[in-house]
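This report concerns only the one structure given below.
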Amino acid sequence: MSISAIEVSWSAGGVDILHGVSIEVVPGEFLGIIGPNGSGKSSLLSLLSGIRRPRVGEVYLAGTPIHQFRRQEIARRIAFVEQQAETTERITARQAVELGRTPYLGPLAPWNREDDEIVDRAMREVSMAAFGERRWHTLSGGERQRLHIARALAQEPETLLLDEPTNHLDIGHQIGLLHLVRELNLTVVAALHDLNHAAMFCDRIAVMKSGRIVALGSPHDVLTANLIREVFGVIVEVQHERDSGFSIRFLRPIDTTRPSASRCNVQPSAFSKKK
Amino acid sequence: MTRSAPLPWRAGSILAALALLLFALWLGAASGETAIPMEVVAKTVANRILGTDYALDPIDEGIVWNYRLSRAVVAACCGAALAVSGVVLQSLLRNPLADPYILGISAGASTGAVGVAILGLGAGALTLPVGAFAGSLVAFGLVSLLAMRAGRGTGAIILAGVAGSQLFNALTSFIVTKAASAEQARGIMFWLLGNLSGVRWADVTLALPVAVIGLGVCLWHARALDAFAFGADSAASLGIPVRRVYAVLICASAMMTAAMVSIVGSIGFVGLVIPHAARMFVGVRHSLLLPVSALIGAVFMIAADILSRVIIPGQVLPIGVITALFGAPAFALILSQRRAAA
């Protein structure tokens, strides 16, 4: 099964957000989407999940336009973890994960033992098995995020769509979560903020700017100093390491796009003087 | 809680719930200005339903059967329907303060009912409940439109509801003042405050089916309501056809509210407070929360009705006054807890 978007455009509140974006998700890959704030990453994910319908163009699931599927069928194949989904309900950790079984249940298809096993497994996979009875509002941001992932896993999807899954997590949880997702053997599409994480975990990276995909390829080919300067307006140094890995060192913003920055000469010495 | 309890246990709790409801009805039929012994109530019911032939004072029998029992049954239906509407609105809108009264749905229903009763809208083709239903839908539509314009925050829809209630209450008063005779006006003003005095068995034939069907429709969508815990987008990604579920459940709540308003007038705070009480007992799963809310709502309303008849000797207080006396402090409590949690 594969998901693809062909020439999709989308606008919200009279503002065009995506302009003719095409992308095909290869089954089994970890596809990262990077780009500045407001470049359309979240919108693209919500179109790929079928929650929103493009104004122009079409999203296909296994070759069929996604809106021709019933929502329940889509939810059995694609799980979407939004950014910062919160609740004020007095719900327990386990109940939040149990929601993942929704696409398989109905008034005439009640909860059974298999559902329990799937939920148990999902909670173990994100190392939250011991937290089952804890109330949602007593959990930390990292714990909540891991439960969101567990809920997505309880959907038993083929594809996992993640919108900035590591937001508000400390570095240990960020790496842990991405590692976990990487190990799951699912097709993953994730909007990511941290370019080094994208380099570490993604098979391919799509770079978005102003509602368009401006580059698509392996981390090696895409994450060049030139592209990062152009898209993010930051001067970087890409350091290639011996065993195929590489890291990005951020140096300073481009002077021309940040007039205020150009006035105070941004260099290490400038900071120390100010202090 | 998702794991179903063993069958005997479930059957037991359903029987206990029915017993509680029957006891409340029984008590409702026995109490009032002249207390009638519980035994007489039981014998009356036996005479009327089982065809037994106990010798009873015909006046007592008449009071129990024609006035009090029908009134208690309608009170129960009304409490259950309003509580279920409250659960549905709170879950769908993800707002602990949502309730048919606060969102202006009851006010819209009143306007619709008055429009039919006094202005003769629909030229006799529309009945009072249908007018109330139309009014409630119009009110909810207007309030949600206003809330959307005002931004989607949880406060917006409550404020929009306040505006909507004021508007529709004003329209109702306007219609009543302009077109009703003095006698009509007095009757309607009493009815608007929530009043079970005029209730007879004919009203049960509307209230009971609406409450039962409404509860059934909502229970059918219990899992969908659960899935709204993290918002509409999250529900959609869990496979819920969000728009259809919204439409069906809002219509169900509006129908329940409208039917009850057309019989007993608009009664506040039941839909707000009862769901919170039920959540404290049984948690957030709607498959349990909905029936338990209905039960507590039914019992609460019967109790409120009893209280309204005995609290001032020789006087009947509008039941809306009793529910507001309990509901308004509870509203304040929920409001302050919400602030503390945020």
Side-chain angles (χ1 to χ4, degrees), chain A residues 42 45-46 48-52 69-92 94-113 115-116 119 133 135-137 144 147-148 151-152 154-155 157 160-161 163, chain B residues 1-5 10 87 90-91 93-98 148 151-152 154 216-245 275-276 278-289 334 337-342:
Chain A
S42 299
L45 282 176
S46 63
L48 291 177
S49 72
I51 291 177
R52 309 256 180 275
F69 289 88
R70 291 171 53 219
R71 276 248 49 102
Q72 195 179 40
E73 290 173 53
I74 300 173
R76 291 175 182 183
R77 294 169 164 212
I78 303 174
F80 181 30
V81 177
E82 296 168 90
Q83 221 180 119
Q84 292 292 301
E86 274 308 329
T87 186
T88 51
E89 298 275 8
R90 294 171 56 77
I91 191 171
T92 64
R94 190 187 160 86
Q95 285 174 333
V97 177
E98 285 174 351
L99 290 177
R101 300 305 296 158
T102 305
Y104 300 90
L105 302 169
L108 305 177
W111 188 270
N112 62 35
R113 200 179 311 148
D115 296 307
D116 269 329
V119 169
E133 294 310 312
R135 298 260 180 210
W136 184 263
H137 65 266
R144 292 178 192 188
L147 289 169
H148 281 309
R151 188 180 65 233
Q155 282 177 249
L160 200 52
L161 304 180
D163 194 357
Chain B
M1 232 168 287
T2 326
R3 281 158 282 183
S4 306
R10 276 167 78 192
V87 171
Q90 284 167 17
S91 297
L93 304 175
R94 303 180 74 213
N95 194 321
L97 296 175
M148 247 145 59
R152 284 161 182 262
T154 48
V217 168
C218 297
L219 266 178
W220 184 265
H221 291 92
R223 295 236 173 246
L225 283 165
D226 288 343
F228 275 88
F230 289 93
D233 279 355
S234 170
S237 72
L238 288 168
I240 303 301
V242 169
R243 276 188 205 168
R244 204 190 71 211
V245 168
H276 288 284
R279 273 190 206 96
M280 286 197 318
F281 289 121
V282 299
V284 295
R285 287 280 189 236
H286 288 83
S287 53
L288 202 54
L289 178 60
I334 297 162
Q337 275 183 347
R338 194 164 145 264
R339 174 56 58 82

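Lettering of chains follows the sequences in order, A, B, ..., and the numbering in each one begins at 1. This one's a predicted model, so the numbers in the text were calculated from it and none came from an experiment.
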Atom pair CH2 (W220(B)) and CG (L108(A)), whose distance is rounded to the nearest 0.5 Å: 4.0 Å
Strictly below 4.0 Å, N to O, side chains only: are R285(B) and E98(A) in salt-bridge contact? yes
Side chains of V284(B) and Q95(A): closer than 4.5 Å at any heavy-atom pair? yes
Find out whether T88(A) and R94(B) are in side-chain contact, i.e. whether some heavy atom of one side chain is under 4.5 Å from a heavy atom of the other. no
Euclidean distance, I74(A) CD1 relative to L238(B) CG, rounded to 0.5 Å: 12.5 Å
Tell me, side chain or backbone of R151(A) under 4.5 Å from chain B's heavy atoms, or both, or neither? side chain
Looking only at non-hydrogen atoms, find the nearest pair between S91(B) and E89(A) and report the distance. OG-OE2, 4.2 Å
Please confirm whether the backbone N or O of A236(B) pairs with a side-chain atom of R71(A), one donor and one acceptor, at under 3.5 Å? yes
If we ignore hydrogens and angles and just use 3.5 Å, is the side chain of T102(A) paired with the main-chain N or O of A227(B) as donor and acceptor? no
Side chain, backbone, both or neither of L161(A) within contact of chain B (heavy atoms, under 4.5 Å): neither
When the 4.5 angstrom heavy-atom criterion is applied to E86(A) and chain B, the contacting part is backbone
Can you tell which part of I240(B) gets under 4.5 Å to a heavy atom of chain A, answering side chain, backbone, both or neither? both
Hey, could you give me each pair passing side chain to side chain donor-acceptor pair (under 3.5 Å) that has a residue in residues 227-245 of chain B? Not counting sequence neighbours. R52(A)-D233(B)
If you compare all heavy atoms of A229(B) against all heavy atoms of I91(A), which two are closest, and at what distance to 0.1 Å? CB-CD1, 4.1 Å
Kindly write out the residues that satisfy side chain to side chain donor-acceptor pair (under 3.5 Å) with Q90(B), not counting sequence neighbours, or none if the list is empty. R279(B)
For chain B, which of A75(A), S49(A), G100(A), P107(A) has the most heavy-atom pairs under 4.5 Å? P107(A)
Is A85(A) close to chain B through its backbone or its side chain, or both, or neither, when contacts mean heavy atoms under 4.5 Å? both
